[in-house]
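As structure tokens, the structure follows; a few thoughts come after it.
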Amino acid sequence: KYLNSAETCIYRKRHVLYNLHRAKNAIRKNNRCVLVEGYMDVIGVSAAGVQEVVASCGTALTSEQVRSLYRHSERIVVNFDPDAAGANAAERSLNTLLDENMRVRILELDGDLDPDEYIRHHGVERYQTRLDNAVPYFHWLADRARRNFDLRSADGRIEAWKFLQPSLSRIHDKLERMTIVNDLAEYMGVDGSAILEQFRKQAGGAPRAAPARPASPLDDVPKAERLLLGCLLASGEARAEVLPRLAESDWPANLRTGSILRALMAAAKSSGELQLSEVEARLQETDRPLLSALAFADGASEPDTALAQALECVRELENADPRARINTLQQQIRAAERSGNGEEARRLMTQLQELKRGLRSAVRVVN
């Protein structure tokens with residue numbers, strides 16, 4: 001919506017999942033997300049009708065990305081490429097997903113086919129069936145352990161459980177962890193009681209506390225400011241209409257997002273096609289996470305409605321700040337005078353005087 005495919009994959013990789021802004025409604029509807037490796041997989045799978053698909057674009061999955069998914073559904077099917085690199089990437093992603101309390105299943109496709117290739121060869125119905133029957137992550141891990149270690153020997157079994165333990169220790173619910181350990185022990189032909197005893201020794205029998213979720217950069221940004229920035233990022237029409245109006249006013253500098261608005265104005269002047277990377281380059285390092293969060297926040301505006309929403313947000317922000325309203329009225333009075341519309345200028349002057357009187361009265365009450 002805001003960027004082309006290549007820039008979406010490059011820009012702020014630690015925050016962005018390709019296609020999430022399009023897939024989020026389908027993720028909520030189907031109560032699951034399908035995670036693939038690359039944007040070509042997303043394009044092929046989505047075009048076939050599986051809309052709840054996003055991609056990590058070949059980068060290591062981050063906690064910020066997983067939290068973006070968790071807002072829409074806690075269920076995820078990881079369908080990385082079937083080669084060794086894809087399996088290793090799925091394994092690396094697993095602990096990040098579990099740390100954020102995601103409920104994970106793994107889909108491995110046969111025939112060394114990537115997701116979009118699989119659909120072209122076998123059809124979307126068969127792919128949907130495979131998705132619906134994707135195995136829980138611990139069974140997939142157990143199969144990996146059986147392939148990588150010799151479970152006929154004591155040393156092999158020890159190494160296998162060392163391989164499984166980091167993921168199993170991330171299960172916060174003690175009863176769920178005990179059930180999964182017993183299931184895996186039976187599946188792998190080992191004694192589950194010994195494994196549980198090892199967990200009790202390491203964790204004192206208490207489930208691991210869920211990790212605290214860091215505050216979002218958007219937490220202290222008013223809704224009207226979030227929506228205004230989303231509209232300006234989404235629509236060239238909104239930028240052309242609203243940014244000059246903001247540039248003539250002083251009040252935007254007092255907003256939480258004032259530095260981003262200034263950077264956006266400067267970037268819009270220097271180039272016709274907005275590039276978020278150019279806006280980012282004009283910001284201090286402390287403001288860049290806020291820009292990224294604003295650009296890919298939920299509920300972003302569609303381009304065809306962005307102008308109307310942006311103007312409404314400007315009016316709301318002006319009305320919330322009397323100084324901003326005074327500034328706007330003064331601009332409107334000057335415009336009316338320049339156009340020779342004396343009646344409109346007098347009407348606006350009356351509003352300005354009433355607003356100033358109200359502001360002076362409020363100051364006297366406070367004092």
Side-chain angles (χ1 to χ4, degrees), residues 1-81 89-90 92-94 96-105 107 114-116 131 134 213-214 216-219 221 226-227 229-231 233-235 274-277 280 288-303 305-306:
K1 182 186 297 183
Y2 305 111
L3 309 168
N4 59 40
S5 298
E7 189 174 355
T8 302
C9 286
I10 294 171
Y11 176 76
R12 307 300 285 174
K13 287 181 180 177
R14 65 179 178 271
H15 295 289
V16 181
L17 281 166
Y18 178 69
N19 200 52
L20 179 57
H21 63 292
R22 294 187 184 93
K24 59 188 179 184
N25 290 335
I27 293 172
R28 292 168 178 163
K29 178 180 177 181
N30 297 313
N31 192 24
R32 76 172 176 199
C33 173
V34 180
L35 178 67
V36 297
E37 280 191 81
Y39 69 88
M40 290 304 297
D41 287 322
V42 168
I43 293 170
V45 173
S46 181
V50 181
Q51 303 294 325
E52 66 270 26
V53 59
V54 300
S56 59
C57 292
T59 66
L61 195 67
T62 67
S63 297
E64 289 90 347
Q65 292 173 327
V66 178
R67 282 193 286 271
S68 295
L69 290 174
Y70 190 88
R71 288 198 293 268
H72 307 295
S73 176
E74 64 178 5
R75 301 179 183 277
I76 186 168
V77 178
V78 178
N79 182 200
F80 283 178
D81 294 348
R92 289 192 302 271
S93 301
L94 185 54
T96 304
L97 291 165
L98 294 176
D99 278 340
E100 299 300 329
N101 296 321
M102 296 292 283
R103 306 190 72 82
V104 187
R105 290 179 175 267
L107 173 57
D114 297 343
D116 64 318
L131 275 178
R213 295 183 182 274
S216 165
L218 298 178
D219 287 347
V221 179
R226 295 199 302 268
L227 183 55
L229 261 297
C231 292
L233 292 168
S235 167
L274 177 67
Q275 299 290 332
L276 276 182
S277 55
E280 181 192 39
R288 291 175 182 174
L290 178 56
L291 172 64
S292 180
L294 285 165
F296 299 98
D298 296 340
S301 174
E302 295 295 335
T305 61

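In this chain, residues are counted from 1 in sequence order.
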* To do: Name all residues meeting the side-chain contact (heavy atoms from CB on, under 4.5 Å) criterion together with N31; count only those two or more places apart in sequence or in a different chain, and write none if there are none.
  => S73, R75
* For M102, does its backbone N or O pair with a side-chain atom of E74 as donor and acceptor, under 3.5 Å? -> no
* Structure fact -> Those residues at least two apart in sequence (or on a different chain) that pass salt bridge (charged side-chain N to carboxylate O under 4.0 Å, His left out) with R92 are none
* Structure fact -> Closest non-hydrogen atoms of Q51 and A23, given as atom of the first, atom of the second and distance, are O-CB, 3.3 Å
* Taking all atoms of both residues into account, what is the closest heavy-atom pair of V42 and V54, and its distance? -> CG2-C, 3.6 Å
* Pairwise distance CG(L229) to CG(L290) - rounded to 0.5 angstrom -> 7.5 Å
* CD1 of I76 to CD of E100: how many Å apart, nearest 0.5 Å? -> 11.5 Å
* Excluding sequence neighbours, so at least two apart, what forms side-chain contact (heavy atoms from CB on, under 4.5 Å) with D81? -> E37, D41, D83, D114, P115
* To do: First locate atom OH of Y39, then atom CG of D116, and finally report the distance between them rounded to the nearest 0.5 Å.
  => 12.0 Å
* **Closest contact, heavy atoms only, N79 versus V34** => CB-CG1, 4.4 Å
* What distance do T96 atom OG1 and E64 atom CD have between them, rounded to the nearest 0.5 Å? -> 10.0 Å
* To do: Decide yes or no for Y18 and I43: does some side-chain heavy atom of the first lie under 4.5 Å from some side-chain heavy atom of the second?
  => yes
* **side-chain hydrogen bond (donor to acceptor under 3.5 Å, both in side chains) against R32, all qualifying residues, sequence neighbours excluded** => E52, Q128, D132
* Asked: Less than 4.5 Å apart, any side-chain heavy atom of D99 and any of S63?
  -> no
* Of all the heavy-atom pairs spanning A55 and L17, show the shortest one and how long it is. => O-CD2, 3.5 Å
* Taking the side chain as every heavy atom from C-beta outward, state whether L94 and V78 have any atom pair closer than 4.5 Å. => no
* Structure fact -> To the nearest 0.5 Å, atom CZ of R105 lies from atom CG of L97 at 14.5 Å
